[in-house]
There are 2 protein chains.
Amino acid sequence: MNTDKKLQIKLVIFTVIRGKLKIFLPEKVLPSTAIVKEKPLDKIARSLFEATVCIPFKDYYFEQLYTFSQHKEVAIVYYLLLPHYLIPQKSIKAWYDGQKLSKTLTDFSTIKYAIQRLQWKIEYTNIVYSFLPKTFVFSQLQTVYEAILGKGLDKRNFRKKMLSLNILKPTGRMKRLGPSRPAEMFSFKMRRLTYVEIL
Amino acid sequence: MNTDKKLQIKLVIFTVIRGKLKIFLPEKVLPSTAIVKEKPLDKIARSLFEATVCIPFKDYYFEQLYTFSQHKEVAIVYYLLLPHYLIPQKSIKAWYDGQKLSKTLTDFSTIKYAIQRLQWKIEYTNIVYSFLPKTFVFSQLQTVYEAILGKGLDKRNFRKKMLSLNILKPTGRMKRLGPSRPAEMFSFKMRRLTYVEIL
DNA sequence: GCAAAAGTGTTAATTCTACACCCATGG
DNA sequence: CCATGGGTGTAGAATTAACACTTTTGC
């Protein structure tokens with residue numbers, strides 16, 4: 001007889017759309033799948049991502065959140081960051097506002113914890129690269145931070161802080177978003193997890 | 001046929017003995033046990049603690065570290081903090097210096113990560129209460145911090161910082177450790193996880 | 001010339017760091 | 001009176017927070 005618990009993988013998938021942090025909840029629950037022997041957990045998580053979001057996995061940031069155990073089940077939860085422009089239009093209704101989640105959702109506390117971890121992590125790493133295209137302007141970057149933190153930030157202090165972290169590089173190219181002055185485009189020096197340097 | 005992976009719990013048990021951070025490695029590996037259905041993971045972890053350290057579990061700080069997966073196994077690792085004065089004398093040889101671990105240990109990288117998590121956590125919580133008796137003097141508290149961080153701290157700055165965090169309360173009682181001036185005894189306001197207040 | 005977003009500097013408050021001497025006690 | 005660890009303050013540096021106006025562009 002099998003004395004093991006039922007093992008599953010769940011995913012909290014984040015994106016930022018029009019200044020709002022969004023979470024992927026098809027059928028109002030986090031995507032999940034059973035764990036199969038012989039396959040590494042992160043491979044299973046990637047397959048689950050591709051199967052539910054319907055796009056190939058690339059270099060989005062991706063890490064284990066926590067392992068929850070209830071009754072006879074164990075759920076190993078990962079969270080993943082996705083840039084909004086890759087989301088298939090037909091799934092757009094499955095993305096829920098992270099700041100307005102109903103407390104009655106099955107995965108409410110898991111999602112809340114994932115948001116908190118994300119809020120911590122953007123303070124001392126470059127992971128927001130996963131929400132942004134290769135090049136972007138400061139207002140786009142700031143919008144991502146504000147969406148995740150759920151509050152507005154001072155434009156001047158934000159720019160100074162970001163530049164001092166030494167994780168961005170200017171591209172020299174300019175971009176216009178609206179009917180206004182063009183903005184300088186930046187990119188991340190690294191598009192993989194980098195911890196902010198402490199002097 | 002069973003398609004699940006083999007599930008186990010592991011424990012990284014910390015203590016501080018004579019100014020050194022120590023890890024419990026009987027047989028040079030982390031204590032571990034198979035997971036049994038119907039029992040919550042934290043209960044299993046407590047039983048494993050009691051069975052290997054041979055003392056009852058109390059209010060020591062205890063949290064999940066990470067879930068590692070290799071081959072056909074999944075190990076859910078917890079870490080736990082224990083005050084040195086509860087350690088049975090006969091197990092004393094099983095406690096290894098955290099700053100001098102052999103890189104060839106089976107669980108080396110797991111332990112390294114646990115130390116890092118512990119180092120982070122003492123900066124913004126009161127968890128070191130788990131290493132200390134109910135009342136203690138400042139030099140004891142500082143010794144614990146220094147052991148965990150692996151470096152010396154300035155006595156004056158340390159005291160100022162700790163008092164400003166508002167997690168300690170003076171007891172009014174004094175204590176002598178050596179042939180010197182008595183020291184004031186303090187205790188933690190809370191002996192459970194408390195996050196440091198941000199103003 | 002107007003609307004819209006980009007870009008920029010200073011000041012005050014706070015926090016952090018480095019650092020050295022006197023105090024209370026027991027023997 | 002000596003050895004031992006307890007206890008204390010200050011000044012400079014660095015970091016953070018608050019705050020408003022000018023620039024560039026398209027229309």
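In what follows, every chain begins at residue 1, and chains take the letters A, B, ... in the order their sequences are listed. Since we're looking at a predicted model, the values are computed, not measured.
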Requested in this report: Please state whether the base of dT17(C) and the side chain of K155(B) form at least one donor-acceptor pair under 3.5 Å?
Outcome: no
Report summary line: By nearest-heavy-atom nucleotide on DNA chain D, the more 5' of S139(B) and N157(A) is S139(B)
Report task. Calculate the interatomic distance between Q142(A) atom CD and dA6(C) atom P; express it in whole Å. Result -> 9 Å
Query raised in the report: On DNA chain C, nearest-nucleotide positions of R159(A) versus K160(B): which is more 5'?
Result: R159(A)
Requested in this report: Take the protein atom CD of E184(B) and the nucleotide atom P of dA24(C), then report the distance between them rounded to whole Å.
Outcome: 14 Å
Query raised in the report: Just how far, in rounded Å, is C1' of dG6(D) from CZ of F186(B)?
Result: 11 Å
Query raised in the report: Regarding R159(B) and the six-membered ring of F138(B), is the cationic atom NZ or CZ under 6.0 Å from the ring centre and inside 45° of its axis?
Result: yes
Query raised in the report: Atom CZ of F158(B) to atom C1' of dG7(D): distance rounded to whole Å?
Result: 14 Å
Report summary line: Rounded to whole Å, CD of E123(A) lies from P of dT15(D) at a distance of 16 Å
**Report entry** For K160(A), all residues meeting side-chain hydrogen bond (donor to acceptor under 3.5 Å, both in side chains), sequence neighbours excluded
**Finding:** N157(A)
Report task. Round to the nearest Å and state the distance from L163(B) atom CG to dG7(D) atom C1'. Result -> 12 Å
Report task. Please work out whether the ring planes of Y195(B) and Y124(B) are parallel, tilted or perpendicular, with thresholds of 30° and 60°. Result -> parallel
Query raised in the report: Which pair of non-hydrogen atoms, one from V16(B) and one from A147(B), has the smallest distance, and what is that distance?
Result: CG1-CB, 3.7 Å
Query raised in the report: Which of these, F62(B), F14(B), F49(B), sits in a ring pair (Phe, Tyr, Trp, His ring centres under 6.0 Å) with Y78(B)?
Result: F62(B)
**Report entry** Interatomic distance, L177(B) CG vs dA3(D) C1' [rounded to whole Å]
**Finding:** 16 Å
Query raised in the report: What's the NZ-P distance between K161(A) and dA17(D), to the nearest Å?
Result: 8 Å
Report task. Could you give me the CA-CA distance, side-chain angles and deciding distance for F188(A) and F136(A), then say whether ring pair (Phe, Tyr, Trp, His ring centres under 6.0 Å) is met? Result -> CA-CA 9 Å; F188(A) 281 94; F136(A) 49 85; 5.3 Å; yes
Query raised in the report: Which heavy-atom pair separates L80(B) from F57(B) by the least distance, and what is that distance?
Result: CD1-CE1, 3.5 Å
Query - Which residue lies more 5' along DNA chain C, comparing R156(B) with D154(A) via nearest heavy atoms - result: D154(A)
Every protein N/O within reach of nucleotides 23-25 of chain D N/O, cut-off under 3.5 Å:
{"unit_1": "dT23(D)", "atom_1": "O2", "unit_2": "R181(A)", "atom_2": "NH1", "d": "3.0"}
{"unit_1": "dT24(D)", "atom_1": "O2", "unit_2": "R181(A)", "atom_2": "N", "d": "3.2"}

